[in-house]
Chemist: 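One structure coming up, written as structure tokens, with questions to follow.
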Amino acid sequence: MARPLVLIAEDDPDLRPILAELVRRRTGARVRTVDSGPAALISAREETPAAVVLDAGLPGLDGFEVARELRRDPDLRWTALVGLSGAGRLSGEVVAAAGFDGFVDKRGDLRPLIDLLRHLLAWPETRDAAAPVPCLGASLAAPLPS
């Protein structure tokens, strides 16, 4: 079975490779990175990812706009969408309205991102669009296991 593809759209050039390596190591997925909203749309349509991690503050189109565009594309129906923000927690209603399956505060510990991706990559066909969207903080005390 082919490894799933995770697309990471993050404009911070220092954080982007860290996220890519973390996701690659902790989920076993293939990873592709882009640095803008328009590039995320192009990349997702070139090769359908199993999951897309979108920074909320992407240039060109922000993560919310990209999520809404991806949700309108029937070919990307089962693609898991995870939002990232360093601006703190957002309401579940705001996150769900954009079409995210989850939203993670990227400040500090990134375990919630990995946990959410592992869950979404393991069971993409069982995601319930009507289920509440998790808005996860990044303040877990335990570091990621080696």
Side-chain angles (χ1 to χ4, degrees), residues 2-140 144:
R3 293 183 307 153
L5 173 65
V6 174
L7 173 62
I8 299 173
E10 169 61 57
D11 63 329
D12 182 331
D14 296 325
L15 182 57
R16 192 170 46 250
I18 293 168
L19 287 172
E21 186 63 20
L22 184 65
V23 169
R24 189 177 293 115
R25 283 185 179 200
R26 304 293 183 188
T27 68
R30 294 179 299 126
V31 177
R32 182 183 305 163
T33 63
V34 295
D35 62 1
S36 71
L41 289 174
I42 291 167
S43 182
R45 289 175 175 146
E46 285 176 348
E47 181 182 1
T48 302
V52 180
V53 177
L54 295 165
D55 179 25
L58 290 170
L61 296 170
D62 69 28
F64 291 93
E65 294 168 306
V66 174
R68 285 189 290 271
E69 281 295 314
L70 292 174
R71 284 293 176 236
R72 284 193 279 270
D73 188 327
D75 293 333
L76 297 166
R77 174 178 171 200
W78 292 109
T79 298
L81 301 181
V82 177
L84 285 179
S85 177
R89 295 177 69 136
L90 299 171
S91 76
E93 295 81 24
V94 169
V95 172
F100 286 108
D101 295 296
F103 210 88
V104 178
D105 184 336
K106 66 181 176 180
R107 298 172 296 177
D109 187 359
L110 293 170
R111 175 176 274 180
L113 172 64
I114 298 306
D115 290 345
L116 183 56
L117 282 173
R118 283 178 174 163
H119 172 74
L120 293 170
L121 292 173
W123 302 106
E125 67 280 356
T126 64
R127 285 196 322 269
D128 182 354
V133 175
C135 294
L136 305 172
S139 60
L140 295 177
L144 286 168

Chemist: Is any side-chain heavy atom of Val23 less than 4.5 Å from a side-chain heavy atom of Ile114?
Modeler: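 In contact.
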
Chemist: If I compare all heavy atoms of Asp62 with all of Ala56, which pair ends up nearest, and what's the gap?
Modeler: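 So the two residues come closest at CB-O, 3.1 Å.
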
Chemist: Any idea which heavy atoms bring Gly83 and Phe100 closest together, and the distance?
Modeler: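 Shortest heavy-atom separation between Gly83 and Phe100 comes out as N-CD2, 3.3 Å.
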
Chemist: Is Thr33 reaching over with its side chain to a backbone N or O of Ile8, donor-acceptor style, under 3.5 angstrom?
Modeler: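 No, Thr33 side chain to Ile8 backbone: no donor-acceptor pair under 3.5 Å.
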
Chemist: Kindly give the heavy-atom pair with the smallest separation between Gly99 and Arg71, and that separation in Å.
Modeler: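 Taking Gly99 first and Arg71 second, the nearest heavy atoms are O-NE, 2.9 Å.
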
Chemist: Is it true that Asp109 and Arg111 have a side-chain N and a carboxylate O under 4.0 angstrom from each other?
Modeler: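 No, Asp109 and Arg111 are not salt-bridged.
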
Chemist: Flag the pair Asp115 and Arg26 as a salt bridge only when some basic side-chain nitrogen lies within less than 4.0 angstrom of an acidic carboxylate oxygen.
Modeler: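 Judged by the 4.0 Å cut-off on N to carboxylate O distance, Asp115 and Arg26 do not form a salt bridge.
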
Chemist: Tell me every residue that passes side-chain hydrogen bond (donor to acceptor under 3.5 Å, both in side chains) with Thr27, counting only those two or more places apart in sequence or in another chain.
Modeler: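 Checked Thr27 against side-chain hydrogen bond (donor to acceptor under 3.5 Å, both in side chains); zero matches.
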
Chemist: Give every donor-acceptor pair under 3.5 Å between a side-chain atom in residues 14-22 and any protein atom, sequence neighbours left out.
Modeler:
from: Arg16; atom 1: NH1; to: Glu10; atom 2: O; distance (Å): 2.7
from: Glu21; atom 1: OE1; to: Arg24; atom 2: NH1; distance (Å): 3.0
from: Glu21; atom 1: OE2; to: Arg25; atom 2: NE; distance (Å): 2.7

Chemist: On a heavy-atom basis, which atom in Thr79 and which in Pro49 lie closest, and how many Å separate them?
Modeler: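 In terms of heavy atoms, the two residues are closest at OG1-O, 3.0 Å.
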
Chemist: If you take all heavy atoms of Leu116 and Phe103, which pair is closest and at what distance?
Modeler: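 Nearest pair, atom of Leu116 first, then Phe103: CD2-N, 4.3 Å.
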
Chemist: Hey, are the side chains of Leu113 and Lys106 touching, using non-hydrogen atoms and a 4.5 Å cut-off?
Modeler: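 Leu113 vs Lys106: side chains apart.
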
Chemist: In Å, rounded to the nearest 0.5 Å, how long is the span from CZ of Arg30 to CD of Glu47?
Modeler: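 With rounding to 0.5 Å, CZ (Arg30) is 4.5 Å from CD (Glu47).
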
Chemist: Evaluate the criterion side-chain contact (heavy atoms from CB on, under 4.5 Å) for residue pair Asp12 and Asp55; output intermediate values, then yes/no.
Modeler: CA-CA 9 Å; Asp12 182 331; Asp55 179 25; over 6 Å; no

Chemist: Considering only heavy atoms from C-beta outward, does the side chain of Val53 approach that of Leu117 to under 4.5 Å?
Modeler: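 Side chain of Val53 against side chain of Leu117, heavy atoms only: contact under 4.5 Å found.
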
Chemist: Taking C-beta and beyond as the side chain, do Leu58 and Glu65 meet within less than 4.5 Å on heavy atoms?
Modeler: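 No, every pair of side-chain atoms sits at 4.5 Å or beyond.
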
Chemist: With a 3.5 Å distance limit and no angle check, can you tell me whether Asp101 reaches the backbone of Leu81 through a side-chain donor-acceptor pair?
Modeler: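 Present.
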
Chemist: Could you report the tightest heavy-atom contact between Ala29 and Val6, atom names first, then the distance?
Modeler: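 Result for this residue pair: CB-CG2, 3.7 Å.
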
Chemist: So, using side chain to side chain contact (heavy atoms under 4.5 Å, CB included) as the criterion, who are the partners of Arg45 when residues are at least two apart?
Modeler: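 Listed in chain order: Leu41, Glu69, Asp73, Leu76.
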
